[in-house]
Amino acid sequence: MDMDSFIVLLFLFLARAEAASHGVGREGKAGGAVLLPLRLQEVAPPPRAPANRLRFRHNVSLTVSVAVGTPPQNVTMVLDTGSELSWLLCNGSSVSPPAPFNASASFTYGAVDCSSPACVWRGRDLPVRPFCDAPPSTACRVSISYADASSADGLLVADTFVLGAQAVPALFGCITSYSSSTAANNNATDPSEAATGLLGMNRGSLSFVTQTATLRFAYCIAPGQGPGILLLGGDGGAAPPLNYTPLIEISQPLPYFDRVAYSVQLEGIRVGRALLAIPKSVLTPDHTGAGQTMVDSGTQFTFLLADAYAALKGEFLNQTRSLLAPLGEPGFVFQSAFDACFRGPEERVSAASRLLPEVGLVLRGAEVAVAGEKLLYSVPGERRGEEGEEAVWCLTFGNSDMAGMSAYVIGHHHQQDVWVEYDLQNGRVGFAPARCELATQRLGAQV
Ligand SMILES: *[C@@H]1O[C@H](CO)[C@@H](O)[C@H](O)[C@H]1NC(C)=O
Ligand SMILES: *[C@@H]1O[C@H](CO)[C@@H](O)[C@H](O)[C@H]1NC(C)=O
Ligand SMILES: *[C@@H]1O[C@H](CO)[C@@H](O)[C@H](O)[C@H]1NC(C)=O
Ligand SMILES: *[C@@H]1O[C@H](CO)[C@@H](O)[C@H](O)[C@H]1NC(C)=O
Ligand SMILES: *[C@@H]1O[C@H](CO)[C@@H](O)[C@H](O)[C@H]1NC(C)=O
Ligand SMILES: *[C@@H]1O[C@H](CO)[C@@H](O)[C@H](O)[C@H]1NC(C)=O
(Lines give C-alpha, C1' and ligand atoms only; values in the text may rest on other atoms or scores of the structure.)
(Ligands and ions follow the chains in the order given, each with its own letter.)
Protein backbone atom coordinates (compact mmCIF):
# COMPACT_ATOMS: atom_id res chain seq x y z
CA MET A 1 0.00 0.00 0.00
CA ASP A 2 1.47 3.39 -0.84
CA MET A 3 1.99 5.88 1.92
CA ASP A 4 -0.63 8.41 0.93
CA SER A 5 -3.39 5.85 0.94
CA PHE A 6 -2.08 4.56 4.24
CA ILE A 7 -2.27 8.04 5.77
CA VAL A 8 -5.75 8.54 4.33
CA LEU A 9 -6.80 5.23 5.85
CA LEU A 10 -5.20 6.24 9.12
CA PHE A 11 -7.18 9.46 9.32
CA LEU A 12 -10.35 7.71 8.24
CA PHE A 13 -9.77 5.22 11.00
CA LEU A 14 -9.19 7.98 13.55
CA ALA A 15 -12.28 9.89 12.46
CA ARG A 16 -14.38 6.75 12.67
CA ALA A 17 -12.93 5.72 16.00
CA GLU A 18 -13.58 9.16 17.43
CA ALA A 19 -17.10 9.40 16.07
CA ALA A 20 -18.00 6.04 17.49
CA SER A 21 -16.19 6.77 20.77
CA HIS A 22 -15.09 3.19 20.77
CA GLY A 23 -11.40 3.49 21.16
CA VAL A 24 -8.86 0.80 21.61
CA GLY A 25 -9.56 -2.60 22.97
CA ARG A 26 -13.26 -2.87 22.35
CA GLU A 27 -12.68 -6.36 21.09
CA GLY A 28 -9.82 -7.17 23.41
CA LYS A 29 -10.01 -9.56 26.28
CA ALA A 30 -10.72 -8.99 29.98
CA GLY A 31 -13.51 -6.48 30.36
CA GLY A 32 -12.84 -4.71 27.09
CA ALA A 33 -9.22 -3.96 27.92
CA VAL A 34 -6.10 -4.81 25.97
CA LEU A 35 -3.54 -6.08 28.45
CA LEU A 36 0.15 -5.44 27.94
CA PRO A 37 3.09 -6.51 30.13
CA LEU A 38 4.72 -3.68 32.06
CA ARG A 39 7.92 -3.64 34.06
CA LEU A 40 10.61 -1.49 35.59
CA GLN A 41 13.92 -1.91 33.82
CA GLU A 42 17.39 -0.59 34.28
CA VAL A 43 17.51 1.31 31.04
CA ALA A 44 17.80 4.99 30.27
CA PRO A 45 14.78 6.37 28.45
CA PRO A 46 15.25 7.77 24.94
CA PRO A 47 15.22 11.59 24.69
CA ARG A 48 11.97 13.13 25.77
CA ALA A 49 10.03 16.33 25.43
CA PRO A 50 11.81 19.45 26.58
CA ALA A 51 8.79 20.51 28.67
CA ASN A 52 10.09 18.82 31.78
CA ARG A 53 13.73 18.66 30.89
CA LEU A 54 15.82 17.13 33.56
CA ARG A 55 19.53 17.77 33.56
CA PHE A 56 20.04 14.23 34.72
CA ARG A 57 18.76 11.26 32.77
CA HIS A 58 17.70 8.60 35.24
CA ASN A 59 18.29 4.95 34.32
CA VAL A 60 15.32 3.05 35.66
CA SER A 61 12.36 3.20 33.29
CA LEU A 62 8.84 1.89 33.13
CA THR A 63 8.62 -0.20 29.98
CA VAL A 64 5.83 -1.90 28.09
CA SER A 65 6.10 -4.71 25.55
CA VAL A 66 4.16 -4.17 22.35
CA ALA A 67 4.13 -5.68 18.90
CA VAL A 68 4.60 -3.34 15.93
CA GLY A 69 4.49 -3.94 12.19
CA THR A 70 3.32 -6.76 9.93
CA PRO A 71 4.36 -9.42 10.69
CA PRO A 72 4.53 -8.14 14.26
CA GLN A 73 7.91 -7.44 15.86
CA ASN A 74 8.11 -7.38 19.64
CA VAL A 75 9.52 -4.13 20.96
CA THR A 76 9.99 -2.73 24.43
CA MET A 77 9.01 0.91 24.82
CA VAL A 78 9.23 3.32 27.73
CA LEU A 79 5.69 4.13 28.82
CA ASP A 80 5.65 7.90 29.10
CA THR A 81 2.54 9.81 30.14
CA GLY A 82 4.64 12.99 29.95
CA SER A 83 5.43 12.78 26.23
CA GLU A 84 3.45 13.17 23.04
CA LEU A 85 5.07 11.62 19.97
CA SER A 86 6.12 7.98 20.20
CA TRP A 87 9.55 6.86 19.03
CA LEU A 88 11.12 3.64 17.95
CA LEU A 89 14.78 3.05 17.30
CA CYS A 90 14.78 1.84 13.71
CA ASN A 91 17.41 0.09 11.69
CA GLY A 92 20.52 2.11 11.13
CA SER A 93 20.41 3.71 14.58
CA SER A 94 23.75 3.70 16.31
CA VAL A 95 22.36 2.78 19.68
CA SER A 96 23.91 -0.01 21.64
CA PRO A 97 22.81 -2.60 22.43
CA PRO A 98 21.17 -2.90 19.02
CA ALA A 99 17.56 -3.99 19.37
CA PRO A 100 16.05 -2.15 16.45
CA PHE A 101 12.67 -2.23 14.94
CA ASN A 102 13.39 -3.42 11.42
CA ALA A 103 11.27 -1.12 9.30
CA SER A 104 12.03 -2.89 6.05
CA ALA A 105 10.70 -6.18 7.41
CA SER A 106 7.21 -4.71 7.92
CA PHE A 107 4.94 -4.41 4.93
CA THR A 108 2.56 -2.03 6.68
CA TYR A 109 5.41 0.37 7.42
CA GLY A 110 5.47 3.60 5.47
CA ALA A 111 7.28 6.90 5.75
CA VAL A 112 5.11 10.00 5.77
CA ASP A 113 5.69 12.20 2.73
CA CYS A 114 6.83 15.71 3.54
CA SER A 115 3.94 17.16 1.52
CA SER A 116 1.48 15.19 3.65
CA PRO A 117 -0.76 17.02 6.12
CA ALA A 118 0.75 14.78 8.79
CA CYS A 119 4.17 16.40 8.24
CA VAL A 120 3.25 19.71 9.84
CA TRP A 121 4.78 21.22 12.88
CA ARG A 122 2.69 20.47 15.91
CA GLY A 123 5.05 22.11 18.29
CA ARG A 124 6.14 21.02 21.70
CA ASP A 125 7.64 17.62 21.15
CA LEU A 126 9.51 18.70 18.06
CA PRO A 127 11.70 21.73 18.75
CA VAL A 128 12.74 21.69 15.09
CA ARG A 129 10.13 21.98 12.33
CA PRO A 130 9.84 18.71 10.34
CA PHE A 131 11.58 19.04 6.99
CA CYS A 132 11.90 17.28 3.63
CA ASP A 133 14.54 14.60 3.30
CA ALA A 134 17.35 15.18 0.78
CA PRO A 135 16.09 14.51 -2.79
CA PRO A 136 15.20 12.19 -4.38
CA SER A 137 13.61 11.12 -1.07
CA THR A 138 10.54 13.12 -0.09
CA ALA A 139 10.23 11.60 3.39
CA CYS A 140 9.26 13.74 6.36
CA ARG A 141 12.32 14.14 8.54
CA VAL A 142 12.17 14.92 12.25
CA SER A 143 15.03 15.98 14.43
CA ILE A 144 15.30 16.70 18.11
CA SER A 145 18.03 17.86 20.41
CA TYR A 146 17.87 18.25 24.13
CA ALA A 147 19.25 20.34 26.94
CA ASP A 148 21.40 17.43 28.07
CA ALA A 149 23.11 17.29 24.65
CA SER A 150 21.30 14.16 23.50
CA SER A 151 19.86 14.23 20.02
CA ALA A 152 17.87 12.04 17.70
CA ASP A 153 17.16 12.10 13.98
CA GLY A 154 14.67 10.13 12.03
CA LEU A 155 11.59 9.92 9.88
CA LEU A 156 7.94 10.46 10.66
CA VAL A 157 6.38 7.11 9.78
CA ALA A 158 3.27 5.03 10.26
CA ASP A 159 2.83 1.38 11.05
CA THR A 160 0.38 -0.81 12.88
CA PHE A 161 0.45 -1.62 16.58
CA VAL A 162 -1.03 -4.95 17.52
CA LEU A 163 -3.45 -4.42 20.39
CA GLY A 164 -5.35 -7.52 21.34
CA ALA A 165 -7.32 -8.65 18.32
CA GLN A 166 -6.83 -5.35 16.51
CA ALA A 167 -4.00 -3.94 14.44
CA VAL A 168 -4.18 -0.19 14.94
CA PRO A 169 -2.24 2.22 12.70
CA ALA A 170 -0.29 5.03 14.36
CA LEU A 171 2.29 7.65 13.46
CA PHE A 172 5.61 7.70 15.28
CA GLY A 173 9.17 8.87 14.90
CA CYS A 174 11.45 6.22 13.46
CA ILE A 175 14.85 7.14 14.86
CA THR A 176 17.73 6.35 12.54
CA SER A 177 20.49 8.09 14.44
CA TYR A 178 20.68 8.80 18.10
CA SER A 179 23.39 10.18 20.29
CA SER A 180 23.07 10.29 24.02
CA SER A 181 25.16 12.20 26.49
CA THR A 182 24.59 9.28 28.83
CA ALA A 183 25.10 6.55 26.24
CA ALA A 184 27.54 4.85 28.61
CA ASN A 185 24.64 4.26 30.97
CA ASN A 186 22.52 2.59 28.35
CA ASN A 187 23.96 -0.86 29.01
CA ALA A 188 21.28 -3.40 29.65
CA THR A 189 22.01 -6.85 30.95
CA ASP A 190 20.11 -8.51 28.14
CA PRO A 191 20.04 -6.70 24.79
CA SER A 192 16.62 -8.16 23.98
CA GLU A 193 15.38 -6.44 27.13
CA ALA A 194 16.58 -2.98 26.13
CA ALA A 195 14.01 -0.28 25.58
CA THR A 196 13.77 0.33 21.88
CA GLY A 197 11.46 3.27 22.00
CA LEU A 198 9.05 5.46 23.83
CA LEU A 199 5.27 5.30 23.85
CA GLY A 200 3.94 8.87 24.10
CA MET A 201 0.81 8.76 26.26
CA ASN A 202 -0.02 12.40 27.01
CA ARG A 203 -3.07 14.28 25.77
CA GLY A 204 -1.44 15.89 22.70
CA SER A 205 -2.83 15.31 19.21
CA LEU A 206 0.08 13.09 18.11
CA SER A 207 0.18 10.92 21.23
CA PHE A 208 -0.56 7.23 21.01
CA VAL A 209 -3.59 7.72 23.25
CA THR A 210 -5.09 10.37 20.98
CA GLN A 211 -4.24 8.60 17.73
CA THR A 212 -5.86 5.38 18.89
CA ALA A 213 -8.85 7.20 20.46
CA THR A 214 -8.17 5.54 23.79
CA LEU A 215 -10.57 7.02 26.31
CA ARG A 216 -9.24 5.24 29.35
CA PHE A 217 -6.10 3.42 30.35
CA ALA A 218 -4.69 2.17 33.62
CA TYR A 219 -1.55 0.58 34.93
CA CYS A 220 -0.27 -1.16 37.99
CA ILE A 221 3.52 -1.05 38.49
CA ALA A 222 4.99 -3.94 40.46
CA PRO A 223 8.01 -3.15 42.64
CA GLY A 224 11.44 -4.37 41.59
CA GLN A 225 11.52 -6.62 38.57
CA GLY A 226 8.02 -7.99 39.18
CA PRO A 227 5.48 -8.16 36.39
CA GLY A 228 3.03 -5.28 36.18
CA ILE A 229 0.32 -4.49 33.70
CA LEU A 230 -0.95 -1.82 31.34
CA LEU A 231 -4.63 -1.88 30.43
CA LEU A 232 -5.74 0.03 27.36
CA GLY A 233 -9.40 0.82 26.92
CA GLY A 234 -10.96 -0.67 30.05
CA ASP A 235 -10.19 -1.79 33.56
CA GLY A 236 -10.13 -5.51 32.93
CA GLY A 237 -12.80 -5.84 35.60
CA ALA A 238 -9.96 -5.80 38.09
CA ALA A 239 -9.68 -2.20 39.25
CA PRO A 240 -9.95 -1.61 42.98
CA PRO A 241 -12.22 1.25 44.12
CA LEU A 242 -10.38 4.40 43.06
CA ASN A 243 -10.20 7.91 44.42
CA TYR A 244 -10.30 10.40 41.57
CA THR A 245 -8.74 13.80 41.15
CA PRO A 246 -9.80 16.07 38.28
CA LEU A 247 -7.42 16.94 35.45
CA ILE A 248 -6.62 20.65 35.37
CA GLU A 249 -7.38 22.47 32.14
CA ILE A 250 -6.31 26.01 31.40
CA SER A 251 -7.90 28.02 28.65
CA GLN A 252 -4.97 30.32 27.83
CA PRO A 253 -1.56 28.95 26.83
CA LEU A 254 1.08 29.88 29.39
CA PRO A 255 4.83 29.59 28.75
CA TYR A 256 5.58 27.12 31.55
CA PHE A 257 2.33 25.18 31.59
CA ASP A 258 2.21 21.88 29.73
CA ARG A 259 -1.41 21.77 28.55
CA VAL A 260 -1.22 18.21 27.25
CA ALA A 261 0.24 16.77 30.46
CA TYR A 262 -1.87 14.93 33.03
CA SER A 263 -2.01 17.92 35.30
CA VAL A 264 -3.65 17.64 38.73
CA GLN A 265 -4.05 20.00 41.69
CA LEU A 266 -1.69 19.43 44.62
CA GLU A 267 -3.40 20.69 47.77
CA GLY A 268 -0.88 19.79 50.42
CA ILE A 269 1.92 17.53 51.58
CA ARG A 270 1.71 15.43 54.70
CA VAL A 271 4.49 13.80 56.71
CA GLY A 272 2.90 11.30 59.07
CA ARG A 273 0.00 13.25 60.52
CA ALA A 274 1.64 16.64 60.07
CA LEU A 275 0.36 18.66 57.14
CA LEU A 276 3.23 20.89 56.04
CA ALA A 277 2.68 24.63 56.28
CA ILE A 278 2.96 25.42 52.57
CA PRO A 279 1.05 28.43 51.20
CA LYS A 280 -1.54 27.49 48.58
CA SER A 281 0.14 29.88 46.13
CA VAL A 282 3.26 27.67 46.18
CA LEU A 283 1.21 24.64 45.12
CA THR A 284 -0.75 26.36 42.34
CA PRO A 285 0.49 27.40 38.88
CA ASP A 286 1.46 31.09 38.76
CA HIS A 287 0.77 33.59 35.96
CA THR A 288 3.54 31.99 33.84
CA GLY A 289 2.14 28.48 34.34
CA ALA A 290 5.06 27.42 36.54
CA GLY A 291 4.01 25.20 39.43
CA GLN A 292 1.66 22.72 37.81
CA THR A 293 1.63 19.13 39.12
CA MET A 294 2.03 16.33 36.56
CA VAL A 295 1.49 12.60 36.88
CA ASP A 296 4.38 11.34 34.77
CA SER A 297 5.30 7.70 34.21
CA GLY A 298 8.36 8.81 32.23
CA THR A 299 10.14 10.28 35.26
CA GLN A 300 11.59 8.06 37.96
CA PHE A 301 11.30 9.98 41.21
CA THR A 302 9.05 12.80 42.42
CA PHE A 303 10.04 16.45 42.22
CA LEU A 304 8.74 19.37 44.27
CA LEU A 305 9.31 23.09 43.78
CA ALA A 306 11.97 24.49 46.12
CA ASP A 307 9.68 25.92 48.85
CA ALA A 308 7.63 22.75 49.15
CA TYR A 309 10.77 20.62 48.98
CA ALA A 310 12.43 22.59 51.78
CA ALA A 311 9.36 22.13 53.99
CA LEU A 312 9.27 18.39 53.31
CA LYS A 313 12.98 17.95 53.87
CA GLY A 314 12.86 19.85 57.19
CA GLU A 315 9.91 17.93 58.54
CA PHE A 316 11.17 14.54 57.33
CA LEU A 317 14.61 15.08 58.90
CA ASN A 318 12.95 16.23 62.09
CA GLN A 319 10.59 13.26 62.34
CA THR A 320 13.24 10.69 61.49
CA ARG A 321 16.02 11.95 63.80
CA SER A 322 15.90 8.82 65.96
CA LEU A 323 15.68 6.44 62.99
CA LEU A 324 18.12 7.65 60.35
CA ALA A 325 21.62 9.10 60.48
CA PRO A 326 21.92 12.13 58.19
CA LEU A 327 24.76 11.84 55.68
CA GLY A 328 26.28 15.07 56.97
CA GLU A 329 27.99 16.02 53.70
CA PRO A 330 26.52 19.39 52.70
CA GLY A 331 27.92 19.19 49.16
CA PHE A 332 26.39 15.80 48.38
CA VAL A 333 23.58 15.88 45.81
CA PHE A 334 22.29 12.79 43.99
CA GLN A 335 21.13 13.30 40.36
CA SER A 336 21.44 17.09 40.86
CA ALA A 337 18.21 17.28 42.86
CA PHE A 338 18.28 14.94 45.87
CA ASP A 339 20.04 16.30 48.92
CA ALA A 340 18.06 14.87 51.84
CA CYS A 341 20.44 11.96 52.31
CA PHE A 342 21.36 9.49 55.03
CA ARG A 343 23.96 6.81 55.73
CA GLY A 344 23.62 3.36 57.20
CA PRO A 345 23.98 -0.37 56.59
CA GLU A 346 21.29 -2.02 54.44
CA GLU A 347 19.78 -4.14 57.23
CA ARG A 348 19.48 -1.23 59.66
CA VAL A 349 17.95 1.16 57.12
CA SER A 350 15.66 -1.53 55.82
CA ALA A 351 14.39 -2.19 59.36
CA ALA A 352 14.06 1.54 60.05
CA SER A 353 12.17 2.14 56.82
CA ARG A 354 9.17 0.27 58.24
CA LEU A 355 8.92 2.90 60.98
CA LEU A 356 9.32 5.95 58.77
CA PRO A 357 6.42 8.42 58.59
CA GLU A 358 4.31 8.13 55.46
CA VAL A 359 4.60 11.04 53.04
CA GLY A 360 1.30 11.94 51.39
CA LEU A 361 0.84 14.05 48.28
CA VAL A 362 -2.64 15.37 48.93
CA LEU A 363 -4.49 16.00 45.69
CA ARG A 364 -7.99 17.33 45.25
CA GLY A 365 -10.08 14.22 45.97
CA ALA A 366 -7.23 11.72 46.12
CA GLU A 367 -3.86 11.11 47.69
CA VAL A 368 -0.62 9.48 46.60
CA ALA A 369 0.85 8.01 49.79
CA VAL A 370 4.48 6.96 49.92
CA ALA A 371 5.67 4.72 52.73
CA GLY A 372 8.43 2.34 53.77
CA GLU A 373 11.21 1.44 51.38
CA LYS A 374 9.76 3.62 48.61
CA LEU A 375 10.83 6.67 50.63
CA LEU A 376 14.55 5.98 50.33
CA TYR A 377 16.83 5.11 47.43
CA SER A 378 20.25 3.57 47.88
CA VAL A 379 22.61 5.63 45.72
CA PRO A 380 24.52 3.24 43.42
CA GLY A 381 28.25 3.11 44.00
CA GLU A 382 28.30 5.25 47.17
CA ARG A 383 29.66 3.56 50.31
CA ARG A 384 30.71 5.09 53.63
CA GLY A 385 32.33 3.81 56.82
CA GLU A 386 35.74 2.26 57.47
CA GLU A 387 34.85 -0.95 55.67
CA GLY A 388 32.32 0.52 53.31
CA GLU A 389 29.65 -1.09 55.47
CA GLU A 390 27.26 1.82 55.07
CA ALA A 391 25.27 2.76 52.01
CA VAL A 392 24.13 6.27 51.12
CA TRP A 393 20.36 6.74 51.02
CA CYS A 394 18.44 9.69 49.68
CA LEU A 395 14.83 10.68 50.15
CA THR A 396 13.09 9.90 46.86
CA PHE A 397 11.65 13.41 46.59
CA GLY A 398 13.85 15.89 44.74
CA ASN A 399 14.05 19.65 44.34
CA SER A 400 12.58 20.69 40.96
CA ASP A 401 14.42 24.01 40.94
CA MET A 402 17.78 22.30 41.41
CA ALA A 403 16.91 19.96 38.53
CA GLY A 404 16.00 22.87 36.27
CA MET A 405 12.26 22.22 36.24
CA SER A 406 9.39 24.52 37.06
CA ALA A 407 6.76 21.90 37.90
CA TYR A 408 5.83 19.28 40.44
CA VAL A 409 6.26 15.83 38.93
CA ILE A 410 4.93 12.58 40.41
CA GLY A 411 7.25 9.91 39.02
CA HIS A 412 6.84 6.17 38.55
CA HIS A 413 8.81 5.20 41.66
CA HIS A 414 5.96 6.49 43.82
CA GLN A 415 3.35 4.83 41.64
CA GLN A 416 4.59 1.32 42.44
CA ASP A 417 1.84 -0.81 43.95
CA VAL A 418 -0.71 1.83 43.07
CA TRP A 419 -3.49 1.25 40.54
CA VAL A 420 -3.45 4.40 38.41
CA GLU A 421 -6.24 5.09 35.96
CA TYR A 422 -6.25 7.85 33.35
CA ASP A 423 -9.89 8.51 32.54
CA LEU A 424 -9.81 10.90 29.61
CA GLN A 425 -13.53 10.73 28.98
CA ASN A 426 -14.29 12.17 32.42
CA GLY A 427 -11.12 14.27 32.72
CA ARG A 428 -9.76 12.65 35.85
CA VAL A 429 -7.03 10.42 37.24
CA GLY A 430 -7.80 7.73 39.81
CA PHE A 431 -5.53 6.15 42.40
CA ALA A 432 -5.80 3.21 44.78
CA PRO A 433 -3.24 1.17 46.67
CA ALA A 434 -2.84 -2.27 45.05
CA ARG A 435 -0.68 -5.37 45.08
CA CYS A 436 0.37 -5.09 41.47
CA GLU A 437 2.13 -8.41 41.09
CA LEU A 438 -1.00 -10.20 42.35
CA ALA A 439 -3.29 -8.04 40.22
CA THR A 440 -1.16 -8.92 37.19
CA GLN A 441 -1.33 -12.62 37.96
CA ARG A 442 -5.07 -12.43 38.45
CA LEU A 443 -5.46 -10.80 35.08
CA GLY A 444 -3.47 -13.69 33.66
CA ALA A 445 -1.26 -11.48 31.59
CA GLN A 446 1.58 -13.08 29.76
CA VAL A 447 4.74 -11.37 30.94
C1 LIG B 1 6.52 -11.88 20.59
O2 LIG B 1 6.00 -12.12 21.90
C3 LIG B 1 4.96 -13.07 21.91
C4 LIG B 1 4.40 -13.11 23.31
O5 LIG B 1 5.40 -13.06 24.27
C6 LIG B 1 5.51 -14.41 21.47
O7 LIG B 1 4.47 -15.36 21.48
C8 LIG B 1 6.07 -14.26 20.06
O9 LIG B 1 6.66 -15.46 19.66
C10 LIG B 1 7.09 -13.15 20.00
N11 LIG B 1 7.46 -12.92 18.62
C12 LIG B 1 8.71 -12.79 18.23
C13 LIG B 1 8.92 -12.57 16.77
O14 LIG B 1 9.65 -12.81 19.01
C1 LIG C 1 15.91 0.40 6.95
O2 LIG C 1 16.79 -0.27 6.09
C3 LIG C 1 16.31 -0.44 4.77
C4 LIG C 1 17.30 -1.25 3.97
O5 LIG C 1 18.52 -1.35 4.63
C6 LIG C 1 16.06 0.92 4.11
O7 LIG C 1 15.52 0.77 2.85
C8 LIG C 1 15.09 1.70 5.00
O9 LIG C 1 14.92 3.00 4.50
C10 LIG C 1 15.60 1.79 6.41
N11 LIG C 1 14.64 2.45 7.23
C12 LIG C 1 14.93 3.51 7.96
C13 LIG C 1 13.81 4.10 8.73
O14 LIG C 1 16.04 3.97 8.01
C1 LIG D 1 15.48 -6.38 8.16
O2 LIG D 1 14.54 -7.05 7.37
C3 LIG D 1 14.97 -7.26 6.03
C4 LIG D 1 13.81 -7.82 5.23
O5 LIG D 1 13.21 -8.90 5.89
C6 LIG D 1 16.16 -8.21 6.06
O7 LIG D 1 16.65 -8.43 4.75
C8 LIG D 1 17.26 -7.56 6.91
O9 LIG D 1 18.34 -8.45 7.05
C10 LIG D 1 16.73 -7.21 8.28
N11 LIG D 1 17.75 -6.43 8.99
C12 LIG D 1 18.15 -6.73 10.21
C13 LIG D 1 19.17 -5.85 10.81
O14 LIG D 1 17.69 -7.68 10.84
C1 LIG E 1 28.79 -0.68 29.14
O2 LIG E 1 29.27 -1.80 28.45
C3 LIG E 1 30.58 -1.63 27.94
C4 LIG E 1 30.97 -2.86 27.14
O5 LIG E 1 30.31 -4.00 27.61
C6 LIG E 1 31.55 -1.38 29.10
O7 LIG E 1 32.86 -1.18 28.62
C8 LIG E 1 31.09 -0.14 29.88
O9 LIG E 1 31.92 0.05 31.01
C10 LIG E 1 29.67 -0.30 30.32
N11 LIG E 1 29.21 0.93 30.94
C12 LIG E 1 28.57 0.96 32.11
C13 LIG E 1 28.17 2.29 32.61
O14 LIG E 1 28.31 -0.04 32.75
C1 LIG F 1 10.84 19.45 65.10
O2 LIG F 1 9.73 18.88 65.78
C3 LIG F 1 9.50 19.41 67.06
C4 LIG F 1 8.34 18.67 67.70
O5 LIG F 1 8.17 17.40 67.16
C6 LIG F 1 9.19 20.89 66.95
O7 LIG F 1 9.01 21.45 68.21
C8 LIG F 1 10.32 21.59 66.22
O9 LIG F 1 9.99 22.94 66.00
C10 LIG F 1 10.61 20.93 64.92
N11 LIG F 1 11.78 21.53 64.29
C12 LIG F 1 11.80 21.90 63.03
C13 LIG F 1 13.09 22.46 62.54
O14 LIG F 1 10.83 21.77 62.28
C1 LIG G 1 22.48 3.66 36.88
O2 LIG G 1 23.67 4.19 36.38
C3 LIG G 1 24.76 4.19 37.28
C4 LIG G 1 25.92 4.84 36.59
O5 LIG G 1 25.66 6.16 36.35
C6 LIG G 1 25.08 2.80 37.72
O7 LIG G 1 26.14 2.80 38.65
C8 LIG G 1 23.85 2.17 38.34
O9 LIG G 1 24.11 0.85 38.69
C10 LIG G 1 22.69 2.25 37.37
N11 LIG G 1 21.53 1.64 37.92
C12 LIG G 1 20.75 2.12 38.89
C13 LIG G 1 19.63 1.24 39.29
O14 LIG G 1 20.91 3.20 39.42
Side-chain angles (χ1 to χ4, degrees), residues 1-3 6 24-25 27-30 33-41 43 46 61-79 86-112 133 137 139 152-170 172-179 183 186-199 208 212 217 219-222 225-233 236 436-437 439-447:
M1 164 166 43
D2 77 59
M3 199 54 223
F6 186 83
V24 158
E27 289 149 21
K29 48 183 174 172
V34 169
L35 311 177
L36 295 169
L38 190 69
R39 63 175 72 235
L40 293 169
Q41 281 188 323
V43 55
S61 302
L62 183 64
T63 63
V64 61
S65 302
V66 294
V68 182
T70 315
Q73 299 176 36
N74 292 338
V75 295
T76 304
M77 300 174 89
V78 170
L79 184 77
S86 300
W87 295 96
L88 270 176
L89 301 175
C90 290
N91 55 329
S93 67
S94 56
V95 180
S96 91
F101 168 66
N102 187 349
S104 40
S106 171
F107 67 79
T108 40
Y109 165 91
V112 170
D133 207 1
S137 165
D153 277 287
L155 303 178
L156 188 65
V157 307
D159 208 337
T160 57
F161 286 70
V162 181
L163 300 173
Q166 303 183 18
V168 183
F172 58 93
C174 201
I175 298 178
T176 49
S177 80
Y178 172 47
S179 75
N186 279 358
N187 288 1
T189 41
D190 175 2
S192 66
E193 293 273 312
T196 53
L198 179 148
L199 200 61
F208 187 72
T212 57
F217 65 96
Y219 53 67
C220 203
I221 308 169
Q225 304 283 305
I229 194 145
L230 169 69
L231 300 94
L232 294 174
C436 292
E437 200 161 340
T440 302
Q441 279 159 14
R442 257 201 314 277
L443 283 163
Q446 26 156 288
V447 281

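Just so you know, ligand 1 is whichever comes first in the structure, and atom 1 is the first atom listed for that ligand.
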A.B. asks: Is the side chain of Ser61 donor-acceptor paired with the backbone N or O of Val78 at a distance under 3.5 Å, no angle test?
C.D. replies: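 Checking the backbone N and O of Val78 against the side chain of Ser61, no donor-acceptor pair under 3.5 Å is found.
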A.B. asks: Tell me every residue that passes side-chain hydrogen bond (donor to acceptor under 3.5 Å, both in side chains) with Thr70, counting only those two or more places apart in sequence or in another chain.
C.D. replies: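 Counting only residues at least two positions away or on another chain, Thr70 forms a side-chain hydrogen bond (donor to acceptor under 3.5 Å, both in side chains) with Thr108, Thr160.
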A.B. asks: On the 0 to 90° scale, with breaks at 30° and 60°, tag the Phe172-Phe161 ring pair as parallel, tilted or perpendicular.
C.D. replies: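 Ring orientation, 0 to 90° scale: perpendicular.
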A.B. asks: Partners of Ala139 by side-chain contact (heavy atoms from CB on, under 4.5 Å), sequence neighbours excluded?
C.D. replies: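 Only Ala111, Asp133, Ser137, Leu155 meet the side-chain contact (heavy atoms from CB on, under 4.5 Å) criterion with Ala139.
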A.B. asks: Do Leu231 and Phe217 make a side-chain contact, defined as non-hydrogen atoms from C-beta onward lying under 4.5 Å apart?
C.D. replies: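 Leu231 does not reach Phe217 side chain to side chain.
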A.B. asks: If the condition is side-chain contact (heavy atoms from CB on, under 4.5 Å), which residues does Gln73 pass it with, not counting sequence neighbours?
C.D. replies: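 Applying side-chain contact (heavy atoms from CB on, under 4.5 Å) to Gln73 gives Phe101, Asn102, Ala105, Ser106.
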A.B. asks: Could you list, one pair per line, each nitrogen or oxygen of ligand 3 together with any protein nitrogen or oxygen closer than 3.5 Å, giving atom names and the distance rounded to 0.1 Å?
C.D. replies:
unit_1, atom_1, unit_2, atom_2, d
ligand 3, 2 (O), Asn102, OD1, 3.4
ligand 3, 2 (O), Asn102, ND2, 2.4
ligand 3, 11 (N), Asn102, ND2, 2.7
ligand 3, 14 (O), Asn102, ND2, 3.3

